[in-house]
Amino acid sequence: MAPSVLQNGGFILGLVGAAALIAATAMNKWSVKDRQGDVVTSVYTYKGLWQDCETASSGFTECRPLYGLLGFSGAFQAVRALMIVGVVLGVLGAFISVFSLTCLSMNSMADTTKAKMSLTAGIMFIIGGVCGIAGASIYANQIVASFRMSTYPNGYGDNMMGGGMGGGMGGGMGGMPRYTFGPALFVAWIGGGILVIGGILKSVAFKEMVKDEKPIYPGVAYKPQANTKTDLSDHHSEGVKKTQNYV
């Protein structure tokens, strides 16, 4: 496959994946209230990485920001950090990808430099996508733990990660509502997967660009020595002497 096709495909997928991670990080619906088997209530609650929100049946929504660091669990802080790292790497990789595209001609940039920039962007995309997938997976694991605790309080109890989702990552026991996967989790998973695919394409493009590049050897121009008038007269005199001697 042509390097330009791989480059453009990886760039487009990187942009889409980075945008998906940004959207997922900013969304408030990482975990939503599980309403299966519950009576119809007038309040719908959902939680994100930065806010906990409630929506009334009238349509009024109220959100409480999640300030501070010490009041939240380590897993919740890890999810925040992973998503931020994934977003930063995705954006930086997309920025570098712009300058590494083969369709853009820059006077002072060699093809080797573009190939290295393509590889750098690809590595950033892959790491950013893995961070997004890991962050969403950790959060989902915490939701599952909290859901089981709230559903089967006698069967799990203290074995489930120190009380479940403290600090914005789901529900709990004692009559508190159960929470299930929100749409932000799926956006983060899809965005992370797209980023990884885009990074792989950029890395393969680097390999193709290096393979197609032909080594340039310094050539040496051969210039035959020009015969001057003095050389011609010398050759003529030597020929005359040989003829005289022969006679």
Side-chain angles (χ1 to χ4, degrees), residues 1-32 46-50 75-106 109-144 169 180-213:
M1 189 177 293
S4 60
V5 177
L6 296 172
Q7 281 251 12
N8 295 333
F11 173 65
I12 294 173
L13 291 178
L15 281 180
V16 174
L21 285 189
I22 293 173
T25 305
M27 290 174 66
N28 291 327
K29 292 186 177 181
W30 278 69
S31 58
V32 297
Y46 48 93
K47 299 175 181 292
L49 298 181
W50 317 104
F76 183 68
Q77 295 291 359
V79 172
R80 279 180 166 181
L82 286 171
M83 296 305 300
I84 292 174
V85 171
V87 168
V88 171
L89 290 178
V91 172
L92 287 178
F95 180 76
I96 295 175
S97 294
V98 175
F99 298 98
S100 66
L101 294 176
T102 55
C103 58
L104 296 179
S105 59
M106 298 183 182
M109 184 176 295
D111 293 338
T112 305
T113 305
K114 284 190 174 184
K116 293 179 180 178
M117 293 177 67
S118 176
L119 178 62
T120 302
I123 294 174
M124 286 185 175
F125 283 160
I126 293 174
I127 297 176
V130 170
C131 287
I133 294 173
S137 299
I138 293 173
Y139 198 100
N141 181 65
Q142 297 295 297
I143 292 178
V144 172
M169 293 185 68
T180 185
F181 294 171
L185 285 175
F186 300 99
V187 175
W189 277 323
I190 295 173
I194 293 175
L195 263 183
V196 171
I197 296 174
I200 293 174
L201 291 181
K202 297 289 287 185
S203 301
V204 175
F206 163 77
K207 184 178 179 180
E208 294 294 329
M209 293 171 68
V210 173
K211 183 177 65 175
D212 293 341
E213 187 175 337

Distance col, row S137:OG vs L185:CG, nearest 0.5 angstrom, shows 8.5 Å
Note: A205 and Q7 closest approach over all heavy atoms is CB-CG, 3.7 Å
dist K202:NZ -> S118:OG (nearest 0.5 Å) comes out at 4.0 Å
For V32 and P183 the tightest heavy-atom approach is CG1-CD, 4.3 Å
Heavy-atom nearest pair, F125 first then G10, reads CE1-O, 3.8 Å
The residue among L119, I126, T120 that forms side chain to side chain contact (heavy atoms under 4.5 Å, CB included) with I123 is L119
NZ (K29) and CZ (F186) are apart, to the nearest 0.5 Å, by 13.5 Å
Please report, to 0.1 Å, the donor-acceptor pairs under 3.5 Å made by any side chain of residues 80-98, with sequence neighbours excluded.
unit_1	atom_1	unit_2	atom_2	d
R80	NE	L49	O	2.8
R80	NH2	L49	O	2.7
R80	NH2	L66	O	3.2
S97	OG	G93	O	2.7

Only one of L13, V5, V196 passes side chain to side chain contact (heavy atoms under 4.5 Å, CB included) with L201, and that residue is L13
Residue pairs meeting ring pair (Phe, Tyr, Trp, His ring centres under 6.0 Å), one or both in residues 6-30, sequence neighbours left out, come to W30-Y139
| said: Treating W50 as the side-chain partner and T25 as the backbone partner, does any N or O pair qualify as donor plus acceptor under 3.5 Å? | reply: yes
Result for side chain to side chain contact (heavy atoms under 4.5 Å, CB included) between L21 and one of V187, I133, V16, L195 points to L195
The side-chain contact (heavy atoms from CB on, under 4.5 Å) partners of I190 (sequence neighbours excluded) come to I194
By ring-ring contact (aromatic ring centres under 6.0 Å, His included), F181 pairs with (sequence neighbours left out) none
